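So the structure is just underneath, and the comments pick up after that.
Since we're looking at a predicted model, the values are computed, not measured. We name chains A, B, ... by the order of the sequence lines, and we start the count at 1 in each one.
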2 protein chains.
Amino acid sequence: MSHNDTVIKILDAAEQLFAEKGFAETSLRSITAKAGVNLAAVNYHFGSKKSLIQAVFVRFLGPFYKLVEASLDAHEKQNPGSILSPEDILKFVARGMASVTNGDRGRLAIFMRLLGLAYNQGQGHLRKFLKTEYTSLYIRVMDLIAKATPELNPVERYWRFHFMLGAAAFTLSSMEHLRAIVEYEFETSCTEEEVVGYLLPFLAAGIRAS
Amino acid sequence: MSHNDTVIKILDAAEQLFAEKGFAETSLRSITAKAGVNLAAVNYHFGSKKSLIQAVFVRFLGPFYKLVEASLDAHEKQNPGSILSPEDILKFVARGMASVTNGDRGRLAIFMRLLGLAYNQGQGHLRKFLKTEYTSLYIRVMDLIAKATPELNPVERYWRFHFMLGAAAFTLSSMEHLRAIVEYEFETSCTEEEVVGYLLPFLAAGIRAS
DNA sequence: TTTTGTTTAAAACGTATGTTTGAAACGTAT
DNA sequence: ATACGTTTCAAACATACGTTTTAAACAAAA
């Protein structure tokens, strides 16, 4: 179908440009130019720029959400009532991300970039959208963390969760840039997997800090 | 002087609006309206919107930079050759921030917001600006961390430094929003100092994770 | 082939933005 | 008091944006 073709081309271009420049700084004209489609196609297929932004999110978060939920379900079924360690919880989430972004290197950065933008930027319509659509996964992960760190008081646990989120979103979204510095400064290359390999122990140590 | 008055009113308004909405989403008209000055004043006093953004940064980072440098100098003079722990290093930085943002509650969030935006957003002119103007402080703090964590390999230390930066920038910049959730969800209020009190141990544990 | 609904195309619309202009108001030193 | 450099002001300018419109191209069914 030519319909789907145009829609996908728009989503691909938008996803990339949003991550590069942010939402407000990315014009529909640059998106349609990159996608090689007509300007009016965005408003025709998505209705508005706002809806396009949300559509880009859905394409990312939807599969991620389902993947993590499914793998957690599977683990719970095989090990009923088991308590996961912080490291294990993070691995489940990281695996979900890896699956969603698989194939395209750099798509992890785009994912994180969009997440960070949605969290910080915006007049709230994106945040509200995230909140209403994906709270159940948030609650589930939070419950797992709570079981893994029973000695922690809930408020501090809440904040540590967001410290983790911030460390991940901030660094992984600027990964390309930060990796370039590593290459220049340390004369070593650095794969995405290595960075995640550095990140998870950092996060796990942080959340179980005494 | 009426000159300085207008300049300061513009900087105050811009700082706040930039932090609330981001750079591109904040118009000069909204800034001048909030400041109660004429629209043309921005271009008259600063030359352009870009220069205004940089001026807002300078007003923040300049004093912060000098404060941290000075307090580190003082400590080095009193305890020559001493090795600071990660916690101590973070305290020095945190104290510098507290001093710069003192008086205005919420100015810490603005500070972090701007830092995050400069790091993630922008076509590079801000990042280049930060890089050229404030690398010496970065190098100094990085050296202190290196001495505090000699067992860490330099590349992983580099990444952990940015994990810390990310955790701080992300959470503290959204502090207002996150604190509101805490109040709603846990029926407890949460001061800025408490959040920083939660943050520093998290960061310290992360950077010395084995 | 004709018809009907869907998708693309080019152009235009209205609005909001950053910037510039030229005159008025201001403060200050002579 | 006058003259001069500085600052303010209202208005206009050019441009870029999101969106709408109208017609053409297309695909599939009758």
Main-chain N/O of B:Ala167 paired with B:Thr171 side-chain donor or acceptor, under 3.5 Å: yes
Interatomic distance, A:Leu28 CG vs D:dT20 C1' [rounded to whole Å]: 13 Å
Neighbour count >12 (heavy atoms, 6.0 Å) for atom CD, A:Glu176: no
B:Tyr158 (side chain) donor-acceptor with A:Leu178 (main chain) under 3.5 angstrom: yes
Closest-nucleotide 5' rank along DNA chain D - winner of B:Gly36 and B:Leu39: B:Gly36
Touch class at under 4.0 angstrom, heavy-atom based, for A:Ala41 against every strand present: nothing
Protein-nucleotide distance (A:Ile31, atom CD1; D:dA16, atom C1'), rounded to Å: 15 Å
Cationic N near anionic O, under 4.0 Å, B:Arg59 to B:Asp12: yes
Atom-pair distance (CD on A:Glu25; C1' on C:dA16), nearest Å: 16 Å
Rounded interatomic separation in angstrom, taking CZ from A:Phe46 and C1' from C:dT7: 14 Å
Among D:dT8, D:dT19, C:dA10, the one nearest A:Lys49 by side-chain distance: D:dT19
B:His45 side chain near D:dT8 phosphate (N/O to OP1/OP2, under 4.0 Å): yes
Listed nucleotide nearest any side-chain atom of B:Tyr44, set C:dT8, D:dG18, D:dT8: D:dT8
Minimum-distance nucleotide (side-chain atoms of A:Asn43 versus D:dT7, C:dT8, D:dT19): D:dT19
Touch class at under 4.0 angstrom, heavy-atom based, for A:Thr26 against every strand present: sugar-phosphate
Option passing side-chain hydrogen bond (donor to acceptor under 3.5 Å, both in side chains) with B:Arg107 (candidates B:Glu15, B:Glu192, B:Gln16): B:Glu15
Length of the line joining B:Asn38:CG and C:dA24:C1', which is rounded to integer Å: 12 Å
Proximal nucleotide (of D:dA12, C:dT8, D:dC17) relative to the A:Arg29 side chain: D:dC17
Divergence of helical axes at both termini of the helix from C:dT1-D:dA30 to C:dT30-D:dA1 - five pairs an end, 10° steps: 10°
Per B:Ala40 side chain, nearest of listed nucleotides C:dT21, C:dG18, C:dA11: C:dT21
Residue-phosphate contact under 4.0 Å: A:Thr6 side-chain N/O, C:dT8 OP1/OP2: yes
Electrostatic pair B:Glu87:B:Lys91 at N-O distance under 4.0 angstrom: no
N/O (side chain, A:Ser27) to phosphate O (OP1/OP2, D:dA16) under 4.0 Å: no
Side-chain donor or acceptor of B:Arg95 paired with backbone N/O of B:Ser71 under 3.5 Å: no
